[in-house]
There are 2 protein chains.
Amino acid sequence: MSIDMVELRRRFREKQYKVTPQRQKILEVFADHPEEHLSAEDVYSLLRSTAPDIGLATVYRTLEMLEGLAFLHRIEFGDGKSRYELAAGDSSHSHHHLICLSCGTVTEFGDDLLETLESFVSRTTDFQITDHQVKFYGYCGECRKKSGH
Amino acid sequence: MSIDMVELRRRFREKQYKVTPQRQKILEVFADHPEEHLSAEDVYSLLRSTAPDIGLATVYRTLEMLEGLAFLHRIEFGDGKSRYELAAGDSSHSHHHLICLSCGTVTEFGDDLLETLESFVSRTTDFQITDHQVKFYGYCGECRKKSGH
DNA sequence: TTAGCTGCAAATTATTTGCATTCCG
DNA sequence: CGGAATGCAAATAATTTGCAGCTAA
């Protein structure tokens with residue numbers, strides 16, 4: 001996956017953010033690791049080889065900013081650290097997470113059945129939904145085989 | 001809402017946990033604050049008047065234990081602290097959270113449309129789901145009125 | 001009696017912030 | 001040039017842990 005630099009510059013300019021090499025490198029890390037849920041520390045480690053001079057504080061500041069610009073999605077899996085993933089380009093960002101209670105593995109599950117629920121909520125409340133997040137907890141195939149859950 | 005002490009003693013005995021006054025007080029706090037999402041610090045503060053000698057560490061340890069026993073549900077709203085709420089007695093624990101991006105208010109939304117999605121996942125993957133968590137982000141009625149989102 | 005609890009203080013861990021310096025636009 | 005952004009180190013904030021003294025079963 002690669003980053004649309006034109007779109008990036010446009011969105012940055014809008015908020016008068018500067019396009020710095022650090023920010024580009026950080027986004028690249030996500031582009032190079034699709035389907036992964038990276039913590040600030042993860043990103044920092046992954047940058048060690050390519051750009052060893054980027055500070056951890058910069059990573060934190062950049063992640064926060066990129067989330068604000070909707071380039072990244074923040075997810076909390078309950079392990080104490082925030083994790084991020086590249087937001088899908090368009091609207092169909094709908095994928096959910098299956099979290100195994102036994103081994104902790106997180107797998108993706110893409111689907112849009114949730115749209116039904118979303119529109120139902122919109123219809124029955126005065127809440128305007130812009131985004132959603134779903135997590136399923138349970139036992140993955142591997143673990144079920146091993147322990148028979 | 002009140003706690004079923006018989007059930008509690010039964011579940012505690014199973015894991016040989018002791019029924020201490022501290023643990024009871026902590027559960028009472030949740031019983032006295034339904035529909036709220038309390039952090040460890042919240043619980044600790046609420047106990048100040050009734051049981052000023054309960055330490056914060058005990059609160060943390062108890063919350064973790066009660067989550068393990070499924071007496072409590074843990075939720076992360078992304079504000080840096082874990083929050084807990086009383087798990088509904090039976091299976092119909094299904095209520096979701098509507099999180100306002102503008103004012104931060106979290107409201108409950110009870111529904112079970114999600115069962116459909118859950119059974120679909122079960123059917124199409126080898127993942128056995130035991131629980132789920134849904135969060136909707138958007139703008140609440142109040143804020144929409146004010147800012148016209 | 002005794003394994004499990006508790007309170008307290010000290011230790012960790014994730015994240016934030018102050019500030020002098022550097023750099024994009 | 002000038003306001004933003006960066007790196008580093010120090011500061012916070014949430015949660016965890018070690019330990020000696022308690023207490024439920």
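Please read these numbers as outputs of a predicted model, since none were measured by experiment. Order of the sequence lines fixes the chain letters, A, B, ..., with proteins taken first and strands second; residue numbering starts at 1 for each chain.
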Report task. Heavy atoms only: give me the nearest A:Ile26-A:Phe30 pair and the separation to one decimal. Result -> O-CD1, 3.3 Å
Requested in this report: Quickly work out the B:Tyr17 OH to C:dT6 P distance and round it to whole Å.
Outcome: 12 Å
Report summary line: Between CZ of A:Phe12 and C1' of D:dA5 the distance, given in whole Å, is 12 Å
Report task. With DNA chain D as reference, determine whether B:Lys18 or B:Ser39 sits nearer its 5' end, using the nearest nucleotide of each. Result -> B:Ser39
Query - Atom-pair distance (CZ on A:Arg83; C1' on C:dT15), nearest Å - result: 15 Å
Report summary line: Separation of D:dA14 atom P from B:Arg74 atom CZ, nearest Å, is 15 Å
Report task. Spell out protein contact along nucleotides 7-14 of chain C as letters: B when the base is contacted, S when just the sugar-phosphate is, - when no protein heavy atom is under 4.0 Å; keep the 5' to 3' order. Result -> BB-----S
Compile the donor-acceptor pairs under 3.5 Å between side chains in residues 50-72 of chain B and protein atoms, sequence neighbours left out, one pair per line.
unit_1	atom_1	unit_2	atom_2	d
B:Thr62	OG1	B:Thr58	O	2.7
B:Glu67	OE1	B:Arg74	NE	3.4

Query raised in the report: Regarding A:Glu28 and A:His33, is there a side-chain donor-to-acceptor distance under 3.5 Å anywhere?
Result: no
Query - Heavy-atom side-chain proximity of A:Thr107 to A:His97 below 4.5 angstrom - result: no
Query raised in the report: Are the aromatic rings of A:Tyr84 and A:His73 close, with centres under 6.0 Å apart?
Result: no
Query raised in the report: With the threshold set at 4.0 Å, does a side-chain nitrogen-carboxylate oxygen contact exist between A:Glu7 and A:Arg10?
Result: yes
Query raised in the report: Among side-chain atoms of A:Asp42 and A:Ser45, is any donor-acceptor pair under 3.5 angstrom?
Result: no
Query raised in the report: To the nearest angstrom, how far is A:Ile26 atom CD1 from D:dT6 atom C1'?
Result: 10 Å
Report task. Determine, step by step, whether B:Glu108 and B:His37 satisfy the side chain to side chain donor-acceptor pair (under 3.5 Å) criterion, reporting the C-alpha distance in whole Å, the side-chain angles of both residues, the deciding distance to 0.1 Å, and the verdict. Result -> CA-CA 10 Å; B:Glu108 314 266 313; B:His37 315 101; 2.5 Å; yes
Query raised in the report: Just how far, in rounded Å, is C1' of C:dT1 from CD of B:Gln16?
Result: 16 Å
Requested in this report: Note the angle between the end axes of the helix from C:dT1-D:dA25 to C:dG25-D:dC1, five pairs defining each, rounded to 10 degrees.
Outcome: 50°
Requested in this report: Using atom CD of A:Glu64 as one end and atom C1' of D:dT6 as the other, report the distance to the nearest whole Å.
Outcome: 15 Å
Query raised in the report: Counting only N and O atoms by type, is there a donor-acceptor contact under 3.5 Å from the side chain of B:Lys81 to the main-chain atoms of B:Glu41?
Result: no
Query raised in the report: Between B:Arg23 (CZ) and D:dC22 (P), how many Å, whole number?
Result: 18 Å
